[in-house]
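Just so you know, these numbers come straight off a predicted model, no measurement behind them. In this chain, numbering begins with 1 at the start of the sequence shown.
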Amino acid sequence: MASCCTAKFRFSISSCRAARSSRPFPASLMPSFPLFHSPFSRPMKPTNLRSVSASAAVSAGAASTTPTFSWDDVVRVSQPEFNPNDSSNLRGFFDKIKACNRGAELQSEFLPFVVEDQIVGYIHKGFAENLRSFEDVFILSKDNCDGGKVMLHQSLKSADDRTRAVREVIKCLAENELIPGIRNELFPVTSSYGAPVFFSLERAAVPYFGIKAYGVHMNGYVEKDKQKFLWLGKRSLMKSTFPGMLDHLVAGGLPHGIACGENLIKECEEEAGIPRTLSSRAISVGAVSYSDIDGHRFKRDVLFTYDLKLPESFVPNNQDGEVESFKLIPVKHVANIIKRTDFFKTNCNIVIIDFLFRHGYITPECFGYLDLLQSLKRGDCS
């Protein structure tokens with residue numbers, strides 16, 4: 001079968017420059033919206049965090065802002081006595097779920113991305129205009145019934161052909177600052193988990209094409225003195241996303257060509273220095289999902305969740321430079337951090353809230369229990 005390298009793409013550097021000049025990026029498309037069936041109809045009053053650095057309470061959308069809180073701040077705000085009048089309800093958790101599920105009312109601004117008659121993603125109408133110059137790769141069709149869609153050119157028949165052709169387009173868009181943060185890591189493009197892979201796409205481009213992305217996220221915990229503790233990581237200040245913010249122990253995207261379990265073992269070694277003899281004991285406990293629209297980006301993420309009970313003697317040791325330091329904190333105190341602050345990388349909140357359910361820290365006696373439980377799979381979990 002002919003390789004796409006033999007095809008002559010009808011684009012050039014000049015067309016790339018034209019794409020840059022014509023891109024219609026609005027400053028923001030993110031008005032707030034009420035959270036799906038939240039039992040709380042009144043706006044939440046912010047917790048008083050005057051003793052914590054002001055830049056620490058960075059908003060979910062300001063991933064490029066570098067917070068300046070320390071572990072001392074984290075420990076202090078986690079203590080029960082920090083806010084003795086703290087409500088026992090779940091409102092603070094609902095806020096964190098909402099931060100991962102923005103923009104539902106904006107879905108009409110996106111076109112389906114269709115491959116072999118299957119919807120594999122959603123592309124903002126404004127961003128799709130940047131693809132018109134690449135007419136041997138992308139076809140933008142206008143349908144009076146459904147408003148149109150984006151497809152791949154019919155000459156691109158194999159997964160390899162599609163991968164190579166789309167990679168050249170992504171490279172051009174990245175050079176013109178339309179897709180920042182190229183990772184040189186390929187994610188599979190598929191209609192659902194386990195379905196055939198139509199092609200592979202640069203990780204940084206995934207949200208711009210609304211591709212469903214999968215990841216593995218693990219809570220590492222310790223039991224001592226009849227109490228459970230969670231290992232937390234503080235992200236490196238050099239990270240391009242959420243620098244300096246809190247993370248659970250191990251997480252990573254699921255690239256093309258590797259199984260979840262094997263990917264988790266790899267991430268355990270790289271991020272926390274956990275040897276295979278320990279990481280192979282991690283237990284798969286389910287999945288969470290979310291759907292977040294931010295401008296031209298549409299994140300449709302499914303996170304496979306794992307628990308790993310670690311020995312008291314184990315201390316994490318980062319190997320890849322992505323984690324600045326670690327801290328072991330009682331699970332009840334971690335729950336307080338989530339409720340009271342924006343210290344965590346946004347999607348880590350969902351994974352830890354899921355842990356709180358499964359380990360009995362959130363019970364049916366809590367008002368809003370079922371609504372919060374359902375919200376952990378707010379995205380298309382397929």
Side-chain angles (χ1 to χ4, degrees), residues 1-20 22-25 110-142 148-215 253-258 293 295-302:
M1 189 167 291
S3 165
C4 72
C5 293
T6 63
K8 293 182 179 180
F9 297 128
R10 298 191 186 103
F11 64 85
S12 62
I13 296 300
S14 60
S15 65
C16 289
R17 289 171 180 160
R20 181 199 292 192
S22 63
R23 63 186 179 192
F25 269 139
F110 288 75
L111 298 172
F113 180 26
V114 179
V115 180
E116 293 185 14
D117 297 324
Q118 297 289 317
I119 295 177
V120 298
Y122 297 89
I123 303 175
H124 191 276
K125 293 175 182 177
F127 187 83
E129 290 302 313
N130 299 307
L131 305 178
R132 288 193 183 276
S133 300
F134 309 97
E135 57 188 30
D136 279 356
V137 182
F138 292 101
I139 303 297
L140 278 66
S141 71
K142 180 65 176 178
K149 56 188 173 184
V150 180
M151 301 177 293
L152 291 178
H153 194 279
Q154 60 185 4
S155 65
L156 302 172
K157 297 187 180 299
S158 74
D160 286 345
D161 285 352
R162 295 164 181 163
T163 298
R164 284 192 290 266
V166 173
R167 180 171 54 208
E168 291 301 316
V169 175
I170 300 304
K171 180 180 178 182
C172 185
L173 296 177
E175 288 173 351
N176 287 272
E177 302 176 5
L178 288 165
I179 298 179
I182 295 297
R183 307 280 288 272
N184 293 315
E185 184 177 349
L186 293 176
F187 271 27
V189 175
T190 180
S191 59
S192 61
Y193 184 72
V197 176
F198 297 116
F199 68 99
S200 297
L201 179 67
E202 158 62 39
R203 180 175 183 176
V206 165
Y208 291 96
F209 286 81
I211 303 301
K212 192 176 294 182
Y214 300 88
L254 186 63
H256 178 59
I258 185 170
I293 293 176
H296 288 179
R297 295 160 50 88
F298 192 170
K299 289 179 66 65
R300 302 165 61 229
D301 290 358
V302 177

Look at the side chain of [X] and the backbone N and O of [Y], then say whether any donor-acceptor pair between them is shorter than 3.5 Å.
X    : Y    : value
S200 : T163 : no
T190 : P196 : yes
E202 : N184 : yes
R300 : G210 : yes
S158 : D161 : yes

Quiz prompt | F127 vs I179, side-chain contact (heavy atoms from CB on, under 4.5 Å): CA-CA, chis, key distance, verdict | solution = CA-CA 10 Å; F127 187 83; I179 298 179; 4.0 Å; yes

Distance-minimising heavy-atom pair for [X] and [Y]:
X    : Y    : answer
H296 : G126 : CE1-C, 4.0 Å
A204 : P180 : CB-O, 3.6 Å
P188 : H256 : CD-N, 3.6 Å
S191 : K212 : O-NZ, 4.0 Å
A174 : I182 : CB-CG1, 3.6 Å
I258 : L254 : O-CD1, 3.5 Å

Rounded to the nearest 0.5 Å, what's the gap from [atom1] on [X] to [atom2] on [Y]? Could you check?
X    : Y    : atom1 : atom2 : value
L152 : E116 : CG    : CD    : 9.5 Å
R167 : L186 : CZ    : CG    : 7.0 Å
R297 : F110 : CZ    : CZ    : 10.5 Å
F138 : S133 : CZ    : OG    : 12.0 Å
E129 : R132 : CD    : CZ    : 4.0 Å
L140 : M151 : CG    : CE    : 8.5 Å

Please tell me if the side chains of [X] and [Y] come closer than 4.5 Å, counting only heavy atoms from C-beta onward.
X    : Y    : value
Y193 : V302 : no
V115 : F199 : yes
F134 : L173 : yes
L131 : I123 : yes

Exercise. Might you work through the side-chain contact (heavy atoms from CB on, under 4.5 Å) test for H153 and I139, ending with a clear yes or no?
Key: CA-CA 6 Å; H153 194 279; I139 303 297; 3.9 Å; yes

Quiz item: Is any side-chain N of the basic residue among E168 and K171 closer than 4.0 Å to the acidic one's carboxylate O?
Solution: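 Salt bridge: no.
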
Quiz item: Given L111 and Y122, is the side-chain contact (heavy atoms from CB on, under 4.5 Å) satisfied, shown in steps?
Solution: CA-CA 5 Å; L111 298 172; Y122 297 89; over 6 Å; no

Quiz prompt | By side-chain contact (heavy atoms from CB on, under 4.5 Å) - contacts of I211 (at least two apart) | solution =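 For I211 the side-chain contact (heavy atoms from CB on, under 4.5 Å) partners, ignoring immediate neighbours, are F113, V120, V189, L201, V206, F209.
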
